[in-house]
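Values in this document were obtained by computation on a predicted structure and should not be read as measured data.
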Amino acid sequence: MIANHILDIIFKRRRLLDDEAGPGTDSSIEDLPPEETDIHLNKIQKMMDTGEPISMILPAFPGKSPNRNKTLSRLPDLAETHSIDSLYSLCRDINEIYKPGAKIIICSDGYVFSDLVRIPDEDIELYSLALIDYYNESYPGAFEFYDLKDTFPQLDSMDAMREELMIRYGESLICLKARAKEHKEVTTMYLGITRFLYEDFAGLDEFSNISRAQIQKMAKSVSYRVIQRSNAWGTLLEEIYPDSLRLSIHPQYRVSNKIGIHMISTDDCWRTPWHSVAVKKNGMIYLENRSNINENRSRLLFENGRPHYYQEEA
(Lines give C-alpha, C1' and ligand atoms only; values in the text may rest on other atoms or scores of the structure.)
Protein backbone atom coordinates (compact mmCIF):
# COMPACT_ATOMS: atom_id res chain seq x y z
CA MET A 1 0.00 0.00 0.00
CA ILE A 2 1.19 3.50 -0.86
CA ALA A 3 -0.02 4.83 2.50
CA ASN A 4 2.28 2.37 4.28
CA HIS A 5 5.17 3.36 2.04
CA ILE A 6 4.60 7.04 2.79
CA LEU A 7 4.57 6.44 6.54
CA ASP A 8 7.69 4.30 6.16
CA ILE A 9 9.44 7.28 4.54
CA ILE A 10 8.41 9.54 7.42
CA PHE A 11 9.25 7.00 10.13
CA LYS A 12 12.77 6.57 8.72
CA ARG A 13 13.32 10.12 9.98
CA ARG A 14 11.45 9.58 13.23
CA ARG A 15 12.91 11.11 16.40
CA LEU A 16 12.20 8.93 19.44
CA LEU A 17 13.00 9.50 23.08
CA ASP A 18 16.11 7.65 24.20
CA ASP A 19 14.20 5.08 26.24
CA GLU A 20 11.90 4.43 23.27
CA ALA A 21 14.69 3.39 20.90
CA GLY A 22 15.84 -0.18 20.51
CA PRO A 23 14.39 -3.25 18.78
CA GLY A 24 11.85 -2.28 16.18
CA THR A 25 13.11 1.25 15.67
CA ASP A 26 14.04 0.52 12.05
CA SER A 27 11.18 -1.88 11.37
CA SER A 28 8.89 -1.46 8.40
CA ILE A 29 5.34 -0.28 9.03
CA GLU A 30 3.96 -3.81 8.57
CA ASP A 31 6.05 -5.03 11.52
CA LEU A 32 4.88 -2.37 13.98
CA PRO A 33 1.84 -2.68 16.25
CA PRO A 34 -1.32 -0.91 14.97
CA GLU A 35 -1.49 1.42 17.97
CA GLU A 36 1.83 2.88 16.80
CA THR A 37 0.81 3.46 13.19
CA ASP A 38 -2.96 3.54 12.67
CA ILE A 39 -3.59 7.14 13.71
CA HIS A 40 -1.08 8.30 11.09
CA LEU A 41 -2.06 5.81 8.38
CA ASN A 42 -5.72 6.81 8.67
CA LYS A 43 -4.85 10.45 8.03
CA ILE A 44 -2.61 9.58 5.08
CA GLN A 45 -5.29 7.38 3.53
CA LYS A 46 -7.94 10.07 3.99
CA MET A 47 -5.79 12.58 2.09
CA MET A 48 -5.05 10.03 -0.61
CA ASP A 49 -8.74 9.21 -1.02
CA THR A 50 -9.43 12.84 -1.98
CA GLY A 51 -6.26 13.20 -4.08
CA GLU A 52 -4.76 15.82 -1.81
CA PRO A 53 -1.05 16.36 -1.15
CA ILE A 54 0.16 14.75 2.07
CA SER A 55 -0.10 17.69 4.45
CA MET A 56 2.19 17.80 7.50
CA ILE A 57 2.12 20.53 10.13
CA LEU A 58 5.26 21.31 12.11
CA PRO A 59 5.20 23.76 15.04
CA ALA A 60 8.78 24.95 14.80
CA PHE A 61 11.24 27.73 13.87
CA PRO A 62 10.12 30.17 16.61
CA GLY A 63 13.17 32.44 16.59
CA LYS A 64 16.83 32.34 17.58
CA SER A 65 17.74 31.96 21.24
CA PRO A 66 18.84 35.38 22.56
CA ASN A 67 21.81 33.75 24.34
CA ARG A 68 24.77 34.40 22.05
CA ASN A 69 26.77 31.76 23.88
CA LYS A 70 24.51 29.37 22.00
CA THR A 71 23.68 31.16 18.73
CA LEU A 72 25.32 33.46 16.19
CA SER A 73 22.65 36.14 15.72
CA ARG A 74 18.91 36.78 15.73
CA LEU A 75 18.56 35.57 12.12
CA PRO A 76 18.44 32.10 10.53
CA ASP A 77 21.77 30.57 9.54
CA LEU A 78 22.94 27.20 8.23
CA ALA A 79 21.28 25.45 11.18
CA GLU A 80 17.90 26.55 9.82
CA THR A 81 18.58 26.34 6.09
CA HIS A 82 20.02 22.83 6.37
CA SER A 83 16.95 21.83 8.39
CA ILE A 84 14.68 23.20 5.66
CA ASP A 85 16.75 21.26 3.10
CA SER A 86 16.22 18.09 5.14
CA LEU A 87 12.47 18.67 5.42
CA TYR A 88 12.29 19.22 1.68
CA SER A 89 14.02 15.87 1.11
CA LEU A 90 11.15 14.28 3.02
CA CYS A 91 8.64 15.92 0.67
CA ARG A 92 10.72 14.93 -2.35
CA ASP A 93 10.81 11.28 -1.30
CA ILE A 94 7.02 11.25 -0.91
CA ASN A 95 6.62 13.01 -4.26
CA GLU A 96 8.43 10.14 -5.94
CA ILE A 97 5.75 7.60 -4.97
CA TYR A 98 2.63 9.78 -4.70
CA LYS A 99 1.84 12.13 -7.59
CA PRO A 100 -0.05 14.85 -5.65
CA GLY A 101 3.10 15.16 -3.55
CA ALA A 102 3.56 16.49 -0.05
CA LYS A 103 3.81 19.83 1.71
CA ILE A 104 4.93 21.00 5.13
CA ILE A 105 3.14 23.80 6.94
CA ILE A 106 5.54 25.49 9.35
CA CYS A 107 3.35 26.71 12.21
CA SER A 108 5.79 29.05 13.91
CA ASP A 109 5.15 29.34 17.63
CA GLY A 110 7.60 32.21 18.10
CA TYR A 111 5.04 34.87 18.93
CA VAL A 112 3.16 32.45 21.18
CA PHE A 113 5.78 32.59 23.95
CA SER A 114 8.37 35.15 22.77
CA ASP A 115 7.82 37.34 25.85
CA LEU A 116 8.49 34.37 28.14
CA VAL A 117 11.75 33.33 26.45
CA ARG A 118 13.01 36.91 26.11
CA ILE A 119 12.98 37.21 22.30
CA PRO A 120 11.64 40.59 21.05
CA ASP A 121 8.67 40.28 18.70
CA GLU A 122 10.64 42.37 16.18
CA ASP A 123 13.31 39.65 16.12
CA ILE A 124 10.67 36.97 15.62
CA GLU A 125 9.38 38.85 12.57
CA LEU A 126 12.84 39.29 11.01
CA TYR A 127 13.66 35.63 11.63
CA SER A 128 10.37 34.46 10.09
CA LEU A 129 10.68 36.63 6.99
CA ALA A 130 14.24 35.44 6.34
CA LEU A 131 13.15 31.81 6.73
CA ILE A 132 10.21 32.29 4.34
CA ASP A 133 12.49 33.95 1.79
CA TYR A 134 14.85 30.97 1.89
CA TYR A 135 12.31 28.22 1.31
CA ASN A 136 10.32 30.21 -1.25
CA GLU A 137 13.46 30.75 -3.32
CA SER A 138 14.84 27.25 -2.83
CA TYR A 139 11.70 25.07 -2.83
CA PRO A 140 8.72 27.00 -4.19
CA GLY A 141 5.41 25.36 -3.31
CA ALA A 142 6.80 22.83 -0.83
CA PHE A 143 6.22 24.89 2.30
CA GLU A 144 3.56 27.11 3.81
CA PHE A 145 3.79 29.35 6.86
CA TYR A 146 1.31 30.04 9.66
CA ASP A 147 1.73 31.98 12.89
CA LEU A 148 -0.21 33.88 15.53
CA LYS A 149 -0.68 36.89 13.23
CA ASP A 150 -2.64 34.68 10.84
CA THR A 151 -4.85 33.47 13.69
CA PHE A 152 -6.04 36.82 14.97
CA PRO A 153 -5.54 39.39 12.18
CA GLN A 154 -8.29 41.57 13.67
CA LEU A 155 -6.12 42.30 16.74
CA ASP A 156 -3.39 44.91 16.51
CA SER A 157 -1.06 43.84 19.31
CA MET A 158 0.89 40.65 19.93
CA ASP A 159 0.06 40.79 23.65
CA ALA A 160 -3.65 40.87 22.77
CA MET A 161 -3.18 37.90 20.40
CA ARG A 162 -1.39 35.89 23.09
CA GLU A 163 -4.14 36.70 25.57
CA GLU A 164 -6.87 35.71 23.10
CA LEU A 165 -5.09 32.42 22.38
CA MET A 166 -5.09 31.53 26.07
CA ILE A 167 -8.69 32.62 26.61
CA ARG A 168 -9.89 30.37 23.80
CA TYR A 169 -7.55 27.39 24.05
CA GLY A 170 -5.59 27.66 27.30
CA GLU A 171 -5.43 25.25 30.22
CA SER A 172 -4.97 26.47 33.79
CA LEU A 173 -1.52 26.10 35.33
CA ILE A 174 -3.07 24.17 38.21
CA CYS A 175 -4.50 21.59 35.81
CA LEU A 176 -1.26 21.42 33.83
CA LYS A 177 0.86 20.80 36.92
CA ALA A 178 -1.57 18.13 38.08
CA ARG A 179 -1.31 16.39 34.69
CA ALA A 180 2.48 16.53 34.89
CA LYS A 181 2.31 14.29 37.97
CA GLU A 182 0.28 11.67 36.12
CA HIS A 183 1.48 11.80 32.52
CA LYS A 184 5.10 11.10 31.63
CA GLU A 185 4.80 13.06 28.36
CA VAL A 186 4.18 16.31 30.26
CA THR A 187 7.00 15.64 32.71
CA THR A 188 9.43 14.85 29.90
CA MET A 189 8.54 18.07 28.11
CA TYR A 190 8.82 20.08 31.33
CA LEU A 191 12.32 18.78 32.08
CA GLY A 192 13.52 19.41 28.51
CA ILE A 193 12.19 22.96 28.31
CA THR A 194 13.43 23.83 31.81
CA ARG A 195 16.95 22.86 30.83
CA PHE A 196 16.90 25.00 27.68
CA LEU A 197 15.39 27.99 29.50
CA TYR A 198 18.02 27.72 32.23
CA GLU A 199 20.79 27.69 29.61
CA ASP A 200 19.24 30.64 27.75
CA PHE A 201 18.62 32.79 30.81
CA ALA A 202 22.09 32.10 32.23
CA GLY A 203 23.65 33.75 29.17
CA LEU A 204 21.58 36.96 29.22
CA ASP A 205 22.89 40.25 30.61
CA GLU A 206 19.66 40.93 32.49
CA PHE A 207 20.31 37.86 34.67
CA SER A 208 24.05 38.41 35.13
CA ASN A 209 23.67 39.43 38.79
CA ILE A 210 21.28 36.62 39.68
CA SER A 211 22.47 33.38 41.23
CA ARG A 212 22.32 30.11 39.33
CA ALA A 213 19.82 28.78 41.86
CA GLN A 214 17.52 31.75 41.23
CA ILE A 215 17.83 31.31 37.45
CA GLN A 216 16.97 27.63 37.81
CA LYS A 217 13.91 28.50 39.90
CA MET A 218 12.80 31.03 37.30
CA ALA A 219 13.34 28.53 34.45
CA LYS A 220 11.15 25.96 36.23
CA SER A 221 8.35 28.49 36.66
CA VAL A 222 8.52 29.81 33.10
CA SER A 223 8.71 26.29 31.68
CA TYR A 224 5.16 25.50 32.77
CA ARG A 225 3.92 28.70 31.16
CA VAL A 226 5.74 27.90 27.92
CA ILE A 227 4.14 24.44 27.88
CA GLN A 228 0.76 25.98 28.72
CA ARG A 229 0.95 28.29 25.69
CA SER A 230 2.49 25.65 23.45
CA ASN A 231 -0.39 23.30 24.28
CA ALA A 232 -2.90 26.06 23.51
CA TRP A 233 -1.18 26.58 20.15
CA GLY A 234 -1.29 22.85 19.49
CA THR A 235 -5.01 22.71 20.29
CA LEU A 236 -5.66 25.58 17.89
CA LEU A 237 -3.66 23.84 15.15
CA GLU A 238 -5.64 20.64 15.60
CA GLU A 239 -8.78 22.67 15.03
CA ILE A 240 -7.41 24.36 11.89
CA TYR A 241 -5.59 21.32 10.44
CA PRO A 242 -7.49 18.30 11.82
CA ASP A 243 -6.55 15.97 8.96
CA SER A 244 -2.85 16.84 8.63
CA LEU A 245 -0.05 14.69 10.02
CA ARG A 246 1.37 16.24 13.16
CA LEU A 247 5.17 16.44 13.15
CA SER A 248 7.24 17.60 16.11
CA ILE A 249 10.79 18.85 16.50
CA HIS A 250 10.90 17.16 19.92
CA PRO A 251 11.52 13.42 20.35
CA GLN A 252 8.32 11.49 20.98
CA TYR A 253 7.10 8.23 22.43
CA ARG A 254 6.52 5.42 19.95
CA VAL A 255 2.75 5.55 20.50
CA SER A 256 1.83 9.19 20.01
CA ASN A 257 -0.35 11.42 17.86
CA LYS A 258 2.85 13.31 17.03
CA ILE A 259 5.81 12.14 14.97
CA GLY A 260 9.14 13.46 16.18
CA ILE A 261 11.22 14.33 13.14
CA HIS A 262 15.00 14.49 12.60
CA MET A 263 16.08 17.59 10.72
CA ILE A 264 19.80 17.77 11.47
CA SER A 265 22.40 15.68 13.31
CA THR A 266 22.94 16.34 17.03
CA ASP A 267 24.18 14.37 20.02
CA ASP A 268 21.38 15.84 22.16
CA CYS A 269 17.87 14.67 21.30
CA TRP A 270 16.42 17.97 22.54
CA ARG A 271 18.77 20.33 20.71
CA THR A 272 17.18 22.48 18.00
CA PRO A 273 18.57 24.69 15.21
CA TRP A 274 17.35 27.84 16.96
CA HIS A 275 19.26 27.00 20.16
CA SER A 276 22.50 26.19 18.36
CA VAL A 277 25.04 26.86 15.64
CA ALA A 278 25.78 24.65 12.65
CA VAL A 279 29.20 23.04 12.33
CA LYS A 280 30.58 21.46 9.16
CA LYS A 281 33.15 18.69 9.52
CA ASN A 282 34.23 16.18 6.91
CA GLY A 283 31.27 17.10 4.74
CA MET A 284 28.78 16.53 7.56
CA ILE A 285 26.68 19.14 9.39
CA TYR A 286 25.77 18.93 13.06
CA LEU A 287 24.46 21.23 15.80
CA GLU A 288 26.43 22.53 18.76
CA ASN A 289 26.28 25.27 21.39
CA ARG A 290 28.39 28.18 20.23
CA SER A 291 30.29 28.22 23.55
CA ASN A 292 31.45 24.64 22.89
CA ILE A 293 33.16 25.56 19.61
CA ASN A 294 36.96 25.45 19.69
CA GLU A 295 37.82 28.71 17.91
CA ASN A 296 41.38 27.48 17.33
CA ARG A 297 40.13 24.55 15.24
CA SER A 298 37.08 26.13 13.61
CA ARG A 299 36.54 29.07 11.29
CA LEU A 300 33.39 31.18 11.39
CA LEU A 301 32.13 31.59 7.83
CA PHE A 302 29.74 34.26 6.58
CA GLU A 303 27.04 34.38 3.93
CA ASN A 304 25.62 37.65 2.60
CA GLY A 305 27.55 39.47 5.29
CA ARG A 306 26.02 37.45 8.14
CA PRO A 307 27.62 34.74 10.32
CA HIS A 308 26.43 31.44 8.91
CA TYR A 309 28.30 28.42 10.32
CA TYR A 310 31.58 27.06 11.68
CA GLN A 311 33.95 25.03 9.55
CA GLU A 312 35.81 22.61 11.79
CA GLU A 313 39.21 21.49 10.59
CA ALA A 314 39.53 17.72 10.22
Side-chain angles (χ1 to χ4, degrees), residues 1-16 25-26 28-29 32 36-37 39-62 76-110 127-147 150 233-234 237-238 240-252 256-266 272-274 278 284-287:
M1 292 175 58
I2 295 179
N4 287 31
H5 196 172
I6 290 172
L7 190 58
D8 256 330
I9 290 171
I10 298 171
F11 268 23
K12 294 302 182 187
R13 296 166 168 83
R14 189 162 57 149
R15 192 178 197 183
L16 294 170
T25 301
D26 298 322
S28 68
I29 298 304
L32 297 177
E36 193 170 341
T37 61
I39 186 174
H40 312 302
L41 284 172
N42 291 340
K43 288 184 175 183
I44 292 171
Q45 191 60 58
K46 186 174 181 180
M47 287 183 271
M48 291 178 59
D49 288 343
T50 55
E52 300 174 24
I54 303 303
S55 172
M56 296 169 277
I57 63 170
L58 178 64
F61 300 98
D77 49 46
L78 184 63
E80 279 81 7
T81 59
H82 185 68
S83 297
I84 291 292
D85 296 343
S86 176
L87 290 171
Y88 174 72
S89 73
L90 170 60
C91 293
R92 182 196 61 213
D93 289 350
I94 294 173
N95 295 349
E96 290 179 356
I97 65 166
Y98 178 62
K99 190 172 182 180
K103 65 177 179 179
I104 292 176
I105 305 165
I106 294 173
C107 301
S108 173
D109 44 11
Y127 176 93
S128 299
L129 291 174
L131 189 76
I132 292 168
D133 284 345
Y134 177 76
Y135 70 62
N136 278 342
E137 291 176 6
S138 303
Y139 310 112
F143 293 89
E144 295 179 11
F145 192 85
Y146 184 90
D147 67 15
D150 299 303
W233 184 239
L237 295 178
E238 287 176 11
I240 297 174
Y241 303 105
D243 299 323
S244 297
L245 291 174
R246 173 64 154 82
L247 305 183
S248 174
I249 50 92
H250 296 302
Q252 298 294 318
S256 173
N257 65 341
K258 304 175 184 177
I259 305 172
I261 198 79
H262 277 287
M263 298 188 295
I264 188 171
S265 179
T266 173
T272 67
W274 38 94
M284 303 294 291
I285 298 174
Y286 66 93
L287 297 178

Take Asn4 and Leu7 through the side chain to side chain contact (heavy atoms under 4.5 Å, CB included) test and state the conclusion after the steps. CA-CA 5 Å; Asn4 287 31; Leu7 190 58; 5.9 Å; no
What is the distance from atom OG1 of Thr266 to atom OH of Tyr286, rounded to the nearest 0.5 Å? 10.0 Å
Shortest non-hydrogen contact from Asp243 to Met47? O-CE, 3.5 Å
Where is the tightest heavy-atom contact between Ile106 and Ala60, given as atom of each residue plus distance? CG2-O, 3.9 Å
Only one of Trp274, Phe143, Tyr127, Tyr146 forms a ring pair (Phe, Tyr, Trp, His ring centres under 6.0 Å) with Phe61, so which one is it? Trp274
Would you say the side chains of Tyr134 and Asp85 form a donor-acceptor pair under 3.5 Å? yes
Report yes if the side chains of Ser265 and Met284 come closer than 4.5 Å at any heavy-atom pair, otherwise no. no
In sequence, state the C-alpha distance, the side-chain angles, and the governing distance for Glu36 and Arg14, and then conclude on salt bridge (charged side-chain N to carboxylate O under 4.0 Å, His left out). CA-CA 12 Å; Glu36 193 170 341; Arg14 189 162 57 149; 2.8 Å; yes
Could you measure the distance from the CE atom of Met56 to the OG atom of Ser244? Nearest 0.5 Å is fine. 9.5 Å
Do the side chain of Asp147 and the main chain of Gly110 share a donor and acceptor less than 3.5 angstrom apart? no
Please report the closest heavy-atom contact between Ile10 and Ile261, naming both atoms and the distance. O-CD1, 4.1 Å
Between Lys258 (side chain) and Ser248 (backbone), is there a donor-acceptor pair under 3.5 Å? no
Between the CD atom in Glu144 and the CD1 atom in Ile132, the distance rounded to the nearest 0.5 Å is 11.0 Å
Could you measure the distance from the CD1 atom of Ile29 to the NZ atom of Lys12? Nearest 0.5 Å is fine. 8.0 Å
Check whether any side-chain heavy atom of Glu238 lies under 4.5 Å from a side-chain heavy atom of Asn257, and answer yes or no. yes
Could you report the tightest heavy-atom contact between Ser55 and Ile105, atom names first, then the distance? OG-CD1, 3.6 Å
Working to the nearest 0.5 angstrom, can you tell me the gap between Ile44 CD1 and Asp49 CG? 12.0 Å
Walk me through whether Ser86 and Ile264 qualify under side chain to side chain contact (heavy atoms under 4.5 Å, CB included). CA-CA 7 Å; Ser86 176; Ile264 188 171; over 6 Å; no
Judged by atom type as modelled, is there a donor-acceptor pair below 3.5 Å linking the side chain of His40 to the main-chain atoms of Ile259? no
What's the spacing between Leu32 CG and Thr37 OG1 if we round to 0.5 Å? 6.5 Å
Taking the side chain as everything from C-beta on, heavy atoms only, tell me whether Ile6 gets closer than 4.5 Å to Ile54. yes
Where the side chain of Ser83 meets the backbone of Ala79, is there a donor-acceptor pair that is under 3.5 Å apart? yes
How close do Pro59 and Leu247 get, counting heavy atoms only, and between which atoms? CD-O, 3.5 Å
Measuring only between side-chain heavy atoms, which start at C-beta, is Tyr241 closer than 4.5 Å to Cys107? yes
Could you tell me whether the side chain of Glu80 and the main chain of Asp77 form a donor-acceptor pair under 3.5 Å? yes
Salt bridge or not between Asp93 and Arg13? Use side-chain N to carboxylate O under 4.0 Å. yes
Of the non-hydrogen atoms in Leu58 and Leu87, which two are nearest, and what is the gap between them? CD2-CD1, 3.8 Å
Check the orientation of Tyr139 and Tyr88. Use parallel for under 30°, tilted for 30 to 60°, and perpendicular for over 60°. parallel
